[in-house]
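Here's the structure, in structure tokens; my notes come after.
The basis for the numbers below is simple: all heavy atoms, side chains too, and nothing from hydrogens, waters or symmetry mates. Keep in mind it's a predicted model, so treat the numbers as computed, not measured.
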Amino acid sequence: MWTPWTPPWSPLTLVPALQKMGELPLDINIQEPRWDQSTFLGRARHFFTVTDPRNLLLSGTQLEASRNIVQNYRAGVVTPGLTEDQLWRAKYVYDSAFHPDTGEKVVLIGRMSAQVPMNMTITGCMLTFYRKTPTVVFWQWGNQSFNAIVNYSNRSGDAPITGGQLGTAYVSATTGAVATALGLKSLTKHLPPLVGRLVPFAAVAAANCINIPVMRQRELQVGIPVTDEQGQRLGHSVAAAKQGIFQVVTSRICMAIPAMAIPPVIMDTLEKKNFLKRRPWLGAPLQVGLVGFCLVFATPLCCALFPQRSSIHVSRLEPELRAQIHEQNPSIEAVYYNKGL
């Protein structure tokens with residue numbers, strides 16, 4: 001049967017032609033991570049990608065290109081020639097540099113991809129220069145300054161934090177860390193050197209228990225956004241904020257354990273050997289390297305302890321919000337929220 005000829009650019013042939021060329025379908029859910037987040041392995045693969053330090057080397061142009069690919073795809077526009085692997089790569093580059101709730105670009109050292117290089121430097125120096133009070137104070141202050149930036153940059157929700165709240169959190173955490181470090185330092189003077197090497201970990205753990213809740217105190221006052229399974233916002237919950245902050249504090253403390261407990265044991269042994277006695281200048285770089293090796297694995301694995309998009313049962317929410325949700329949709333049993341990092 002004769003059919004009318006149509007040019008190759010005609011709307012009648014454009015879509016099939018693109019599909020034959022392998023254009024991506026629009027049903028890939030890039031709102032969620034690539035790997036199953038209900039399993040620890042899936043979350044670990046996700047965070048190994050998110051915390052990849054190589055993302056720090058990307059230029060502003062590359063970040064904007066990735067953001068355009070992701071935003072266009074979400075709007076139903078597929079970049080010509082884009083493959084599924086390239087789409088997922090763009091999504092992870094976008095996630096590594098932009099806040100998931102506000103969409104704003106995160107300052108360089110506040111990104112999760114900066115966790116390993118920044119923490120290996122700061123933690124390595126805390127473990128190396130733990131004997132003298134001025135260096136203890138300086139590196140605890142430096143660590144809490146870095147933590148304040150990370151906590152603010154990776155806060156949950158889109159509620160603004162005032163300068164006063166930011167200052168209070170920073171001063172409280174720094175004071176708590178320095179007081180813990182100096183107090184334990186004085187108590188461990190007559191104990192074996194290995195015990196003294198573990199003082200920085202105790203200070204960091206104490207500071208995390210102060211820094212994160214105070215830095216995110218606004219979430220404890222007004223709550224964080226909670227959604228249904230499809231991502232529709234249902235309201236704000238303080239109960240979800242408390243659960244999310246507890247999970248983050250737990251993850252941060254667990255993250256510090258390998259990097260602040262394993263290298264001190266190794267260094268305590270090595271410093272008794274002639275090799276380091278003859279080359280004392282190798283102590284600091286060796287300790288930083290050991291910390292970095294531990295953090296490469298501890299950072300993503302401890303971030304994966306809890307799902308990034310965590311859930312909480314409706315029965316644990318505030319009565320007003322619970323009633324509101326039951327009125328809108330009685331079948332909802334759990335709501336979801338971004339726990340922050």
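Using a 4.5 Å heavy-atom threshold, the side chains of I253 and C209 count as touching. Side-chain atoms of D52 and S113, non-hydrogen and from C-beta on, never get closer than 4.5 Å to each other. Counting heavy atoms from C-beta outward, L290 and I266 have side chains that approach closer than 4.5 Å. For the pair Y73/K91, no side-chain contact is recorded, criterion being any heavy-atom separation below 4.5 Å from C-beta on. Side chains of Q247 and L305 form no contact here, defined as non-hydrogen atoms less than 4.5 Å apart. Considering only heavy atoms from C-beta on, R233 stays 4.5 Å or farther from V226 through its side chain. Considering only heavy atoms from C-beta on, L234 comes within 4.5 Å of I332 through its side chain. In this structure, the side chains of N55 and Y92 stay at 4.5 Å or more apart for every pair of heavy atoms.
Using a 4.0 Å cut-off between charged side-chain N and carboxylate O, R67 and D95 make no salt bridge.
No continuous path of hydrophobic side-chain contacts links L301 to M255 [ILVMFWY only; heavy atoms under 4.5 Å]. Cluster annotation: M112 and V70 are assigned to the same hydrophobic cluster (Ile/Leu/Val/Met/Phe/Trp/Tyr, side-chain heavy-atom contacts under 4.5 Å, transitive).
Of the inter-residue distances, the one linking N29 atom CG with R34 atom CZ reads 13.0 Å to the nearest 0.5 angstrom. For the atom pair CE of M260 and OG1 of T123, the computed distance is 5.0 Å after rounding to the nearest 0.5 Å. The CD atom of Q71 sits 11.0 Å away from the OG atom of S66 when rounded to the nearest 0.5 Å. Taking CD of Q324 as the reference point, atom CG of L317 lies at 10.5 Å (rounded to 0.5 Å).
For the residue pair Q243/S310, the side-chain donor-acceptor check at 3.5 Å is not satisfied. For Q232 and T227, the side-chain atoms include no donor-acceptor pair closer than 3.5 Å. Residues N119 and Q115 bring a donor and an acceptor atom of their side chains to less than 3.5 Å of each other. Checking S145 against Y170 by side-chain atom types alone, a donor-acceptor pair falls below 3.5 Å. N329 and S331 are linked by a side-chain donor-acceptor pair at a separation below 3.5 angstrom, with hydrogens and angles left out of the test.
Scanning all heavy atoms of the two residues, the minimum distance from V238 to E318 falls at N-OE2, 2.6 Å. Here the closest heavy-atom approach between residue F48 and residue V296 is recorded as CE2-O, 3.6 Å.
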So R309 and E32, salt bridge (charged side-chain N to carboxylate O under 4.0 Å, His left out) or not? Walk me through it. CA-CA 9 Å; R309 187 180 181 229; E32 300 294 333; 3.7 Å; yes

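The aromatic rings of W141 and F138 sit tilted relative to each other, their planes meeting at an angle between 30° and 60°.
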